Protein chains: 2
Amino acid sequence: MCVLGLGLIGGSVLRAATAAGRQAFGYNRSVAGVEDARFDGFDATANLSEALARAAADDALIVLAVPMPALPELLDHVRTIASHCPLTDVTSVKEAVRQAVREKGLLDRFVGGHPMAGTAHSGWAAGDEKLFVGAPWVLSVDDHVDPDVWAEVMHLALECGSAIVPARSDEHDAAVAAISHLPHLFAETLAVTAADVPLAFSLAAGSFRDGTRVAATAPQLVRAMCEANAAQLHIALEKAIELLTQARDDLATTGSVADLVEAGHAARTRYDGVERPRIESITLGEPGWREHLAAAGRAGGVLRSALPGPGSRG
Amino acid sequence: MCVLGLGLIGGSVLRAATAAGRQAFGYNRSVAGVEDARFDGFDATANLSEALARAAADDALIVLAVPMPALPELLDHVRTIASHCPLTDVTSVKEAVRQAVREKGLLDRFVGGHPMAGTAHSGWAAGDEKLFVGAPWVLSVDDHVDPDVWAEVMHLALECGSAIVPARSDEHDAAVAAISHLPHLFAETLAVTAADVPLAFSLAAGSFRDGTRVAATAPQLVRAMCEANAAQLHIALEKAIELLTQARDDLATTGSVADLVEAGHAARTRYDGVERPRIESITLGEPGWREHLAAAGRAGGVLRSALPGPGSRG
């Protein structure tokens, strides 16, 4: 397996896959990152052509783990050197990545992925072989996906300890706009709003710390994920602004914020009670398998062990 | 000391004061709460007149620990039975409480307080004698406050392990609107926005859990604190809606959220680096002592040990 980009997520994938017994190697653009990874005992290089030639020779699964802006150029190299390798990514948006992969003619062997784990820190040093344990890892089930490649990526995600959520790329992007990108913008907004108020930082306690924690994330990472999902984030922002404006108007006219507070509490209570049924009875490659997986994911289902199919080991 | 209301905060004050060696007793309206407190070995009654008569006989410090809506009626009883006792409160808004206390003619012996600690849970059982350890505890330094009463409440907050932040009631309310009440409305909004999006709850991870944690708080508690601070919360909401609307428009026109993300990160970084100098060189009751304390609190200062003054033990 070949991981391109050894930041927080890519570096954690390299560690987790190695710990699971895979032969895994990595490429990183910065020599400092490569040296850190080697110092920690991992197989890493700053020579992209060398890494891709090795992947092509082994028919290795390639994991794209660079930020969105760096992706098109990286895909040019993949196409030139290793166009037949199975391909996945670990980026937080799926439609924009799929579009970039399609433009380079690499869609046939591509299954998009998104491990939903992270911290406010970044870089090789922030990585952790346990980062994905118990975390959802989305695998795309768009119309084009190949069951063999899907099975390969499924095995990787399971070896990393994740629970796989199958989803269409567009549905994934709408969901992460609501549960990740909007929360990031909310955290930034809370921090800015409080910054102008004397005493605010002196009194800030639990709800402020929680509500602004992700504002500590490096701005370029927040921008990269928000801006790559602009269309869906716009929809989520629109809805949120509407709710807050209604609450502001209610407060001014009736003195009450009951509607928002009760709806929010009900929604959060529902979230706490979400069921996560196991997805077990679908065979990869059988007629309608992608639609069945998308429906199961939409219903809250997760894969905790491998499904049978053409790429299955079982 | 007499604590009126044995919910999360009042119950924790009774525990902490007892643990610090004070003679402390409590009143709670619900008999179930009283029984729970007694079962845990505390001195509690459901008879308000009895509790207040005892407080009056001992000239005990009375701690108002009921929700805002219950306050006016409780203050009527305090005025009738124990009008000369020193009085404080533990409510999350300060101007509305001060107004209620003034209307009952009890302002002379009143120093408002707000321990900035809490959990998403409520009731006696949720209390903890360590709840206030290390937490800021605001003591009001409005023009009317008496140095003797201030000293009494200061000793209570220090015995509970808090760091005292002196503040004017209006400045406190503006600050908590930004760092507590607005975060609560943001959490409710995030939960409602995500609830309508298929897959969202299935994929929700760290930033969503953090961003919506306080939406699990009982709606009546959130409403009570937000609605009692309506004027300041309206100002904070206005600012936040303006920032989010600008971000939405930037996203639509330029595809960038750089302005908000960079400002948010800078604000959060500043928050992480806030200095908390100790307030040590002010004597309670000296000329200008209230203004000096307010200025010190505004500059981030905290009291970690008693100041000298008329009510001091030192």
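Letters A, B, ... mirror the listed sequences (proteins, then strands); counts begin at 1. Remember, predicted model here, so these are calculated numbers, not experimental data.
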Heavy-atom pairs under 4.5 Å with chain B, option from Leu185(A), Val274(A), Asp272(A), Thr212(A) with the top count: Thr212(A)

Glu227(B) to Ala258(A) - nearest heavy-atom pair and separation: OE2-N, 3.8 Å

Separation of Phe186(B) CZ from Leu243(A) CG (nearest 0.5 Å): 11.5 Å

Heavy-atom pair of closest approach, residues Arg270(A) and Ala195(B): NH2-O, 3.1 Å

For the student: nearest non-hydrogen atoms of Ala267(A) and Ala191(B), plus distance: CB-O, 3.4 Å

Straight-line distance of Ile241(B) CD1 to Arg248(A) CZ, nearest 0.5 Å: 4.5 Å

Residue selection (most heavy-atom pairs with chain B, distance under 4.5 Å) from Ala240(A), Cys226(A), Ala247(A): Ala240(A)

Residue, of Pro183(A), Gly211(A), Ala163(A), that accumulates the most heavy atom pairs under 4.5 Å with chain B: Pro183(A)

Nearest atoms (heavy-atom pairs only) where Ala194(A) meets Ile179(B): CB-CG2, 3.8 Å

Rounded distance (nearest 0.5 Å) linking atom CZ of Arg268(B) with atom OG1 of Thr217(A): 9.5 Å

Pairs of heavy atoms under 4.5 Å with chain A: top-ranked of Leu237(B), Leu190(B), Val138(B): Leu190(B)

Any side-chain heavy-atom pair of Leu199(A) and Val165(B) under 4.5 Å: yes

Between CG on residue Leu244(B) and OG1 on residue Thr189(A), distance to nearest 0.5 Å: 4.0 Å

Contact leader toward chain B among Ala135(A), Gly255(A), Ser256(A), where contacts are heavy-atom pairs under 4.5 Å: Ser256(A)

Segment of Val197(B) engaging chain A (4.5 angstrom heavy-atom cut-off): side chain

Salt bridge (charged side-chain N to carboxylate O under 4.0 Å, His left out) partners of residues 292-302 of chain B, not counting sequence neighbours, each pair once: Glu171(B)-Arg298(B)

Among Gly300(A), Pro136(A), Ala204(A), residue most engaged with chain B (heavy-atom pairs, under 4.5 Å): Ala204(A)

Partner chain A: residue of Ser202(B), Ala266(B), Ala178(B) with the largest heavy-atom pair count (under 4.5 Å): Ser202(B)

Pairs touching residues 180-205 of chain B that satisfy salt bridge (charged side-chain N to carboxylate O under 4.0 Å, His left out), sequence neighbours left out: Lys239(A)-Asp196(B)

Parallel, tilted or perpendicular: rings of Tyr271(A) and Phe208(B) (30°, 60°): perpendicular

Pairs of heavy atoms under 4.5 Å with chain A: top-ranked of His234(B), Gln220(B), Met116(B): His234(B)

Between Glu238(B), His114(B), His172(B), His184(B), the one whose heavy-atom pairs under 4.5 Å with chain A are most numerous: Glu238(B)

Residue, of Glu275(B), Glu242(B), Arg209(B), Glu262(B), that accumulates the most heavy atom pairs under 4.5 Å with chain A: Arg209(B)

Options Thr269(B), Leu203(B), Val222(B), ranked by heavy-atom pairs under 4.5 Å with chain A, top entry: Leu203(B)

